[in-house]
Amino acid sequence: MKLATWNVNSVRTRLPRLLRWLDAWQPDVLCLQELKATNENFPTEAVREAGYQVALHGQKTYNGVAILARGKLEDVRCGLQDDSDDAQARLISARVRGVRVLSAYVPNGGQVGSEKWHYKLTWLQRLRRHLERGFRPDEPLALCGDFNVAPQARDVCDPTAWETTVLFHPEARAALAHVADWGLTDAFRLCHDEAGLYSWWDYRMLAFPKNQGLRIDHVFVTAPLERCCDAAVIDREERKGKQPSDHAPVVLTLNDAHAVRPA
DNA sequence: ATGGTTGCTTAGCAA
C-alpha cells in the first residue's frame with residue numbers, strides 16, 4: 001500500500017497539480033492539509049473521476065483536511081473530539097483497508113510566546129489525548145500530516161537559527177515527541193539517516209533553490225506498520241515549476257504484512 | 001528587526 005501526505009496550500013489552486021500527481025504516483029491513500037476550502041468548495045467530482053473516494057473536513061478560508069483513497073473509507077471521524085469548542089478543521093481520520101489513517105494539520109504557532117503558540121502546544125497535547133481515547137498503539141495506524149515541527153537538528157537547514165522559532169523550538173519538539181511517545185515511529189527515519197532532506201521551503205528568499213528548508217511533514221506509524229515500511233520518499237520535484245505548494249508530498253510504501261494473521 | 005512570497009478575500013491575515 002502506498003500512503004502519502006501533502007500540504008497543498010489551497011486545493012482549488014493546486015487542483016491541476018493534484019490530479020497530475022495522483023496520476024503519476026497512484027497512491028492508495030493521500031492525506032491532504034490546508035485545503036482552504038469548505039466541503040462544498042472541494043473539487044470532489046474531479047477527484048472521484050481520478051478514482052478516489054473522499055473523506056472531508058473542510059473550512060472556509062483556512063485549514064481544512066481530507067483523506068483520498070482508492071477503496072472504501074470507513075468510520076470517518078472529524079476533529080479532536082474533546083470538550084473544547086474548536087472551530088478549526090485540522091484533523092480527520094478513517095479506516096482504509098484495515099489501516100487507521102489520520103490526516104493532521106498542526107497549528108503553525110505564529111510567534112513563540114503568542115496566543116497561537118500556546119494553541120499549537122495545547123493542540124498537540126489534545127492530539128495525544130485523542131490517540132489515547134480513540135485508538136490503540138498495537139493496531140495498524142498511520143498519523144500523517146503537516147506537523148509544523150521539525151523533530152531533530154538534521155531536519156533543519158540551520159538549527160541554531162530555527163530553534164528560536166515555532167517550527168523548531170525545544171518546546172514544540174517536546175510536544176511532538178510526547179505525541180510520538182504514545183507508540184509511534186517516524187517512518188521516514190526508518191529509511192533515511194541523512195541530514196538535508198526537507199519537506200517545506202518558504203516561498204520567500206529563494207529558500208527552495210538554496211535548499212533552506214525543514215522536514216515538518218511526517219508519517220508516524222504504530223508497531224504493526226513499522227514492521228512493513230519498505231520505502232519513504234519526499235517528492236521534491238513537486239516543489240518545482242509554476243504554482244507549487246510550499247510543501248512537497250511525502251510517500252510511504254508499506255507491504256501488507258500487518259494484514260497477515262498468525263494461524 | 002524587517003523583509004521576502006503566496007492564497008483567500010478584498011486590506012488584512014495567515015503561513
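First the proteins, then the strands, lettered A, B, ... as listed; each starts at 1. When reading the values below, keep in mind they use all heavy atoms of this one structure, side chains included, and skip hydrogens, waters and symmetry mates.
When distances run from any side-chain atom of A/Lys116 to the nucleotides B/dG4, B/dA14, B/dG7, the shortest one goes to B/dA14. Nearest to the side chain of A/Tyr203, among B/dC8, B/dA15, B/dT5, sits B/dT5.
Rounding to whole angstrom units, NZ of residue A/Lys60 and P of B/dC13 are separated by 17 Å. Atom NZ of A/Lys36 and atom C1' of B/dC8 are 7 Å apart (whole Å). Distance, A/Lys242 NZ to B/dT6 C1': 14 Å, rounded to whole Å. Note: CG (A/Leu35) to C1' (B/dA14) measures 16 Å, nearest angstrom. The distance between atom CG of A/Asp202 and atom C1' of B/dA14, rounded to the nearest whole Å, is 12 Å. A/Leu15 has its CG atom 16 Å from the C1' atom of B/dG7, to the nearest Å. Protein atom CD of A/Glu115 is 13 Å distant from nucleotide atom P of B/dA15, rounded to whole Å. If you measure from atom CG of A/Asn108 to atom P of B/dG7, you get 17 Å, rounded to the nearest angstrom.
Here the separation of B/dA15 from B/dG3, taken at their C1' atoms, is 15 Å to the nearest Å. A gap of 16 Å separates the P atoms of B/dT2 and B/dC13, to the nearest Å. B/dA14 and B/dT10 have their P atoms separated by 14 Å, given to the nearest Å.
Mapping A/Gln243 and A/Asp246 onto DNA chain B via the closest heavy atom, the residue that lands nearer the 5' end is A/Gln243. Judged by closest nucleotide on DNA chain B, A/Met205 is the one of A/Ser10 and A/Met205 placed further toward the 5' end.
Put simply, the side chain of A/Pro244 reaches to within 4.5 Å of the side chain of A/Arg17, judged on heavy atoms.
Residue A/Thr61 places none of its side-chain N or O atoms closer than 4.0 Å to OP1 or OP2 of B/dC13. Taking only side-chain nitrogens and oxygens, A/Arg14 comes nearer than 4.0 Å to OP1 or OP2 of B/dG7.
Hydrophobic clustering, defined by side-chain heavy atoms of Ile, Leu, Val, Met, Phe, Trp and Tyr closer than 4.5 Å, groups A/Trp25 together with A/Trp6, A/Val8, A/Val11, A/Leu15, A/Leu18, A/Leu19, A/Trp21, A/Leu22, A/Leu30, A/Leu32, A/Leu35, A/Phe42, A/Val47, A/Tyr52, A/Val54, A/Leu56, A/Leu68, A/Val233, A/Val251.
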Give the C-alpha distance, both sets of side-chain angles, the deciding distance and a yes or no for salt bridge (Lys or Arg N to Asp or Glu O under 4.0 Å) between A/Asp28 and A/Arg70. CA-CA 5 Å; A/Asp28 297 288; A/Arg70 289 199 181 279; 5.6 Å; no
Determine, step by step, whether A/Arg133 and A/Asp82 satisfy the salt bridge (Lys or Arg N to Asp or Glu O under 4.0 Å) criterion, reporting the C-alpha distance in whole Å, the side-chain angles of both residues, the deciding distance to 0.1 Å, and the verdict. CA-CA 10 Å; A/Arg133 295 154 74 115; A/Asp82 56 16; over 6 Å; no
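Applying the side chain to side chain contact (heavy atoms under 4.5 Å, CB included) rule to A/Thr160 yields the partners A/Asp158; only residues at least two apart in sequence or on another chain are considered.
Residue A/Tyr105 is classed as a sugar-phosphate contact, given heavy-atom separations below 4.0 Å to backbone atoms only.
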